[in-house]
Protein chains: 2
Amino acid sequence: MTDPEKLYKLIWLSRPLMQSAEAAVEHGLDGIGLTVRGRAVLEVLLTEDEATVPDIAQKLEIKRQYVQLMVNETLTDGLTLKRENPRHKRSALIALTQKGRALIEDVVRREMVLVRSVGVGLDTADIKTALKVITTLTENLKKAIGNG
Amino acid sequence: MTDPEKLYKLIWLSRPLMQSAEAAVEHGLDGIGLTVRGRAVLEVLLTEDEATVPDIAQKLEIKRQYVQLMVNETLTDGLTLKRENPRHKRSALIALTQKGRALIEDVVRREMVLVRSVGVGLDTADIKTALKVITTLTENLKKAIGNG
DNA sequence: CCATATTGACATTATAAACGTCAATATGAC
DNA sequence: GTCATATTGACGTTTATAATGTCAATATGG
């Protein structure tokens, strides 16, 4: 049996966690010349290697029109470039430039240093458990909304 | 020792969790005649019984000027009322009306039903662990930003 | 009593994102 | 190949959430 009170608390802790996490990211981005939304695009491309704008939108779970703006910024800044898309002539594949890759890798590296420091005192097994709980919870919530 | 990769994943899961949770709340608010920000105020007052606008702002960790708007809405809708504040004559205490209390209690009750259903399959001990991990993580992140 | 702080009210701005729509062009079924 | 349908990029509008700035009123505390 689950304890609904604790579960309720846990769910609402997601907001403060997210806010501090994003504040930390913003902090780390200070003076680097990369915006938060630019970072989001680059991070997707770090794992995806190349993707169309709609692909990225799906990954980020936001609308393609907004991603378009994000991507255009990174193109302007020379952090990404367009590659011919064999599957769709109008929709180019977006990929990291050398500059973009160096930048996002540096950003992520620094973030990992921070993560390491905030993780002091936490047990690996507990983190694994938390990861499982949060994942399950998120999936179940999505399903619950989807249905009714 | 902690596993920074897993920890990193866990931190970024806070966003999808929060989004589905808030989507669920919005869903539950549909047709009730209560806005998301109205709900936030009422929920604070459910645990605080009475509070000034600046008090609520501190609880919600947002600016008092914005909370003022939120509170004014609930006052207009007859969900909250002003009480004389012995500690400050200009800053009234805000408290739930019968109507407001009934409404927020009903909303929370329904949310608990949903929480119960999405918690199926999760172990109480695991939830407790997750709660501890997330709490620690959030605190540490806040500290880390605060300092350097 | 008076300097200082708090509060409410209001206006402006920022950010993240949704929504609507158009024209261009691709794609896929025939 | 042609044509109906879908996809995409571009652009404009709108919404929600919140921060910021500022003023006047009024409280509070030394």
Side-chain angles (χ1 to χ4, degrees), chain A residues 12 14-16 18-23 25-27 29-30 34-44 50-76 80-94 145, chain B residues 12 14-16 18-27 29-30 33-44 50-76 80-94 145:
Chain A
W12 290 119
S14 63
R15 174 170 261 274
M18 193 213 66
Q19 282 176 337
S20 1
E22 298 200 341
V25 164
E26 261 189 79
H27 192 73
L29 254 37
D30 251 23
L34 184 62
T35 64
V36 175
R37 53 198 229 183
R39 180 195 170 284
V41 170
L42 301 194
E43 203 192 13
V44 169
E50 54 181 25
T52 65
V53 167
D55 287 344
I56 299 172
Q58 202 174 2
K59 263 263 161 182
L60 296 177
E61 297 183 78
I62 53 181
K63 297 291 161 188
R64 65 180 180 82
Q65 288 93 334
Y66 185 55
V67 172
Q68 189 75 51
L69 300 177
M70 301 163 80
V71 166
N72 288 351
E73 271 178 18
T74 64
L75 285 168
T76 302
T80 57
L81 51 82
K82 291 181 182 177
R83 275 189 206 157
E84 204 170 285
N85 182 359
R87 303 187 56 191
H88 198 293
K89 275 179 195 162
R90 256 199 108 201
S91 187
L93 289 167
I94 311 297
I145 309 162
Chain B
W12 290 120
S14 64
R15 177 169 260 275
M18 192 212 65
Q19 282 177 338
S20 3
E22 298 199 343
V25 165
E26 263 190 78
H27 192 73
L29 254 35
D30 253 22
L34 184 62
T35 63
V36 175
R37 53 198 230 182
R39 179 195 170 283
V41 170
L42 302 193
E43 202 192 13
V44 169
E50 55 182 22
T52 65
V53 167
D55 287 345
I56 299 172
Q58 201 174 3
K59 263 264 162 183
L60 296 176
E61 296 183 78
I62 53 181
K63 297 292 162 190
R64 65 179 179 83
Q65 288 91 336
Y66 185 56
V67 171
Q68 188 76 51
L69 300 176
M70 300 163 80
V71 166
N72 289 350
E73 272 179 16
T74 64
L75 286 167
T76 303
T80 57
L81 50 82
K82 290 182 183 178
R83 275 190 206 156
E84 204 170 288
N85 183 359
R87 304 187 54 191
H88 199 295
K89 277 178 191 159
R90 257 198 106 201
S91 187
L93 288 167
I94 311 297
I145 309 162

Close side-chain approach of A/Gln19 and B/Met18, heavy atoms under 4.5 Å: no
Residue closer to the 5' end of DNA chain C, B/Arg90 versus A/Met70 (nearest nucleotide): B/Arg90
Of A/Gln65 and B/Arg87, the one whose closest DNA chain D nucleotide lies more 5': A/Gln65
Nearest atoms (heavy-atom pairs only) where B/Ile145 meets A/Ala23: CD1-CB, 3.8 Å
Considering all heavy atoms, the nearest B/Ala51-B/Ile56 contact: CB-CG1, 3.9 Å
Minimum side-chain heavy-atom gap B/Lys82-B/Leu75 below 4.5 Å: yes
Residue list, side-chain hydrogen bond (donor to acceptor under 3.5 Å, both in side chains) with A/Thr52, at least two apart or on another chain: A/Asp55
Least distance between heavy atoms, A/Pro86 atom then A/Leu93 atom: CD-CD1, 4.2 Å
Residue B/Asn72, side-chain heavy atoms: nucleotide from C/dC19, C/dA16, C/dA9 that is nearest: C/dA9
Heavy-atom closest contact (B/Gln68 atom, B/Gln65 atom, distance): CB-O, 3.4 Å
A/Met70 to A/Ala40 - nearest heavy-atom pair and separation: CE-CB, 3.9 Å
Closest-nucleotide ordering on DNA chain D, the 5'-leading residue of B/Arg64 and A/Pro54: A/Pro54
Length of the line joining A/Gln68:CD and C/dA17:C1', which is rounded to integer Å: 15 Å
Between C1' of C/dG8 and CD1 of B/Ile94, the distance in whole Å: 11 Å
Side-chain touch A/Glu73/A/Val41, heavy atoms, less than 4.5 angstrom: no
5'-most by nearest nucleotide on DNA chain C - A/Glu26 or A/Pro86: A/Glu26
Angle of first-five versus last-five pair axes in the helix from C/dC1-D/dG30 to C/dC30-D/dG1, to 10 degrees: 40°
Which nucleotide in C/dG8, C/dA16, C/dA17 has an atom nearest any side-chain atom of A/Ile62: C/dA17
Length of the line joining B/Arg15:CZ and C/dA17:C1', which is rounded to integer Å: 10 Å
Outermost DNA chain D nucleotides near chain B [under 4.0 Å, heavy atoms]: D/dT17 to D/dT28
Sugar-phosphate only, base, or nothing, as touched by A/Lys63 at under 4.0 Å among non-hydrogen atoms: sugar-phosphate
